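Please read the structure below before turning to the comments.
We count residues from 1, following the sequence as given. What you are looking at is a predicted structure, and each value in this text was computed from that prediction instead of being measured. For ligands, and for the atoms within them, numbers begin at 1 and follow the listed sequence.
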Amino acid sequence: MKKIALITGVTGQDGSYLAEFLLKKDYKVFGIKRRSSSFNTKRIDHIYDKKELKDKFQVFYGDLLDGSSLLNIIEEIKPDEIYNLAAQSHVRTSFDVPEYTTDVNALGTLRLLEAIRRLKNKKKIKFYQASTSEIFGNTTSPQSEKTPFKPASPYAISKLYAYWITKNYRDAYNIFAVNGILFNHEGCRRGETFVTRKITSAVARIFHGSNEKIFLGNLNAKRDWGDAEDYTESMWKMLQQKKPDDYVIATGKSYSVREFVREAFSNININIKWKGSGLNEYGYDSKSKKVYIKISKIYFRPTEVYELRGDPRKAKKVLKWKPKTDFKEMVKKMVNFDIDNYGKTNFY
Ligand code: NAP
Ligand code: GDD
């Protein structure tokens with residue numbers, strides 16, 4: 001019998017890649033989307049459009065804020081695996097909407113676990129929780145499964161609650177529940193308010209003649225940036241193990257936002273140099289001297305995480321997972337995608 005998967009956050013970056021991945025593995029895939037005032041399905045519309053997937057992919061309205069919707073969907077479809085990817089996932093925004101972030105990310109996870117626990121039909125459901133390197137905050141790199149947690153934003157704190165409640169339901173109720181502690185992962189479907197896609201989409205517009213400047217915050221923050229498609233595979237692998245456990249997924253290398261900017265511009269043959277300091281620093285083309293990057297204080301966070309770099313040895317050993325795409329390839333892929341799809345409205 002075909003396995004059944006339920007993905008919360010199916011309209012997001014990871015949810016859309018995971019849906020495609022599971023469909024290739026011949027799962028029947030259900031997703032949950034929330035109601036919004038404009039279309040929010042641009043990352044999955046192409047899956048609907050494929051005739052051969054008509055009976056294999058279906059999306060329900062639901063919301064992590066609405067426990068009854070989650071329970072009803074789970075009771076109706078009786079999934080083998082649930083991937084909880086839905087979240088208010090923006091760290092900077094979590095300082096503006098801390099209560100909402102906590103409700104969705106922390107209590108939303110609890111609502112799903114409770115729905116699994118209370119299910120009348122005691123089918124053994126496996127549960128994946130989208131945890132994050134942000135729970136480590138400003139600890140010494142590289143961070144592994146053994147690093148103590150020091151979250152530094154409402155987002156990170158909400159995700160730390162979700163991490164612990166997942167672990168607690170595993171221990172208390174014998175639920176197959178795992179935390180994937182994923183470091184930053186990016187791709188062509190990354191939201192444009194995250195720094196990588198903000199940069200690559202602007203570089204593409206500049207390539208096509210835009211005269212804009214990119215306003216950024218902290219250029220010195222370092223992140224361990226991997227490729228989103230590589231990372232979604234690890235989620236599935238975690239649920240195929242004999243025993244539930246938690247895993248760090250990372251490349252093991254970190255780069256600064258400044259390095260990301262230089263790498264992205266190098267793909268359109270612009271060599272960025274830096275001048276000035278603090279809020280007055282700017283990035284310019286070493287040949288034409290044209291300024292492309294400026295700093296704006298609105299993009300700084302009240303508390304910043306300076307470096308995240310993961311140690312993925314456990315995942316390599318147990319899951320036999322390793323990243324396939326390196327930093328340069330990933331940046332190139334994103335810039336080229338944005339250049340090729342410039343001006344198009346339907347491109348996933
Ligand atoms: P994303 O693109 O922001 O997607 C988030 C998804 O959650 C979207 O489908 C969104 O729906 C949905 N959502 C938000 N609030 C919801 C609610 N109240 N009820 C139901 N759905 C809701 O995030 P992502 O990059 O794919 O990340 C997936 C998960 O991994 C998130 O939990 C994130 O926190 C975590 N994570 C991400 C990374 C990373 O680097 N990408 C690293 C570690 C952990 P709309 O489309 O309607 O907005
Ligand atoms: N968004 C943004 N915009 N970030 C900027 C900017 C800017 O203009 N300028 C500098 N940055 C810096 C941020 O301060 C941060 O240090 C870094 O770029 C990365 O920011 P984001 O791309 O917003 O990602 P994030 O690391 O805060 O969070 C992402 O990764 C987490 C995993 O570590 C999100 O995907 C989270 O959901 C995920 O948990």
Side-chain angles (χ1 to χ4, degrees), residues 7-18 31-44 59 61-66 69-70 83-94 100-101 103-105 107-109 111-112 128-137 143 151-153 155-156 158-159 162 179-187 189-199 202 214-228 231-232 235 249-250 255-258 260-261 293-301 303-310:
I7 304 174
T8 74
V10 73
T11 58
Q13 170 187 253
D14 290 3
S16 61
Y17 285 131
L18 181 66
I32 294 183
K33 70 170 177 180
R34 59 178 171 164
R35 198 267 156 185
S36 77
S37 65
S38 54
F39 293 115
N40 60 355
T41 54
K42 66 176 183 197
R43 295 184 178 103
I44 53 170
V59 176
Y61 276 110
D63 202 298
L64 284 204
L65 298 179
D66 183 324
S69 69
L70 305 174
Y83 295 86
N84 181 30
L85 309 187
Q88 191 304 89
S89 70
H90 203 276
V91 175
R92 175 68 192 84
T93 306
S94 76
Y100 172 76
T101 302
D103 204 346
V104 176
N105 299 1
L107 295 183
T109 306
R111 289 182 188 107
L112 278 170
Y128 173 88
Q129 168 57 20
S131 189
T132 163
S133 47
E134 277 287 312
I135 60 178
F136 296 122
Q143 289 91 1
S153 64
Y155 168 80
S158 70
K159 284 283 189 177
N179 286 292
I181 310 173
L182 272 54
F183 282 61
N184 296 52
H185 45 279
E186 318 294 315
R189 296 184 193 163
R190 184 57 144 156
E192 291 187 17
T193 60
F194 296 98
V195 77
T196 55
R197 189 83 192 285
K198 177 173 170 179
I199 295 166
I214 314 176
F215 286 85
L216 295 172
N218 184 357
L219 295 173
N220 297 321
K222 288 180 144 187
R223 291 291 182 272
D224 181 334
W225 276 302
D227 180 275
Y231 283 37
T232 44
M235 300 173 184
I249 299 295
Y255 297 86
S256 64
V257 173
R258 191 186 293 283
F260 193 102
V261 168
I293 317 291
K294 294 201 86 174
I295 306 300
S296 166
K297 63 175 185 229
I298 66 170
Y299 297 113
F300 285 81
R301 289 140 194 220
T303 40
E304 173 65 284
V305 173
Y306 297 101
E307 183 182 16
L308 290 171
R309 178 163 52 86

Students should be able to answer this: which protein heavy-atom is nearest to atom 8 (O) of ligand 2, and at what distance? K198 NZ, 2.7 Å
If you scan protein heavy atoms around atom 10 (C) of ligand 2, the nearest is N218 O, 3.3 Å
Give me the nearest non-hydrogen protein atom to atom 29 (C) of ligand 2 as residue plus atom name, then the distance to 0.1 Å. N184 ND2, 3.6 Å
Atom 14 (O) of ligand 2 has as its nearest protein heavy atom E304 OE2, 2.6 Å
With no hydrogens and no angle check, just 3.5 Å: does a side-chain donor-acceptor pair link N84 and T8? yes
Salt-bridged, D14 to R43, with N to O below 4.0 Å? no
Passing candidate, side-chain hydrogen bond (donor to acceptor under 3.5 Å, both in side chains) with N220, options E307, R258, E304: R258
May I ask you to check whether N105 and S158 show a side-chain donor-acceptor distance below 3.5 Å? yes
At a non-hydrogen distance cut-off of under 4.0 Å, which region of R190 contacts ligand 2 (side chain, backbone, both, or neither)? side chain
Atom 1 (N) of ligand 2: the protein heavy-atom neighbour that sits closest, reported with distance to 0.1 Å: T193 O, 3.0 Å
Residue selection (non-hydrogen contact nearest atom 22 (O) of ligand 2) among I295, D14, L216, V195: V195
Just jot down the ligand 2 atoms closer than 4.0 angstrom to any heavy atom of A221, in number order. 16 (O)
Against ligand 2, does Y306 come closer than 4.0 Å with any heavy atom? no
Can you tell me the protein heavy atom closest to atom 28 (O) of ligand 2 and the distance? V91 CG2, 3.6 Å
So is R197 close enough to ligand 2, meaning a heavy atom under 4.0 angstrom away? no
When you measure from atom 38 (C) of ligand 2 to every protein heavy atom, which one gives the shortest distance, and what is it? Y155 OH, 3.5 Å
Identity and separation of the nearest protein heavy atom to atom 37 (O) of ligand 2: S89 O, 2.7 Å
Purely on distance, is any nitrogen or oxygen of F183 under 3.5 Å from one on ligand 2? no
Considering the heavy atoms of S133, write down every atom of ligand 2 situated less than 4.0 Å from one of them. 32 (C), 33 (O)
Given a heavy-atom cut-off of 4.0 Å, could you list the residues near ligand 1 in chain and number order? G9, T11, G12, Q13, D14, R34, N40, D63, L64, L85, A86, A87, S89, Y100, V104, A130, S131, T132, Y155, K159, L182, F183, N184, H185, R190
Going by the closest heavy atom to atom 21 (P) of ligand 2, which one wins out of H90, R92, E186, R301? R301
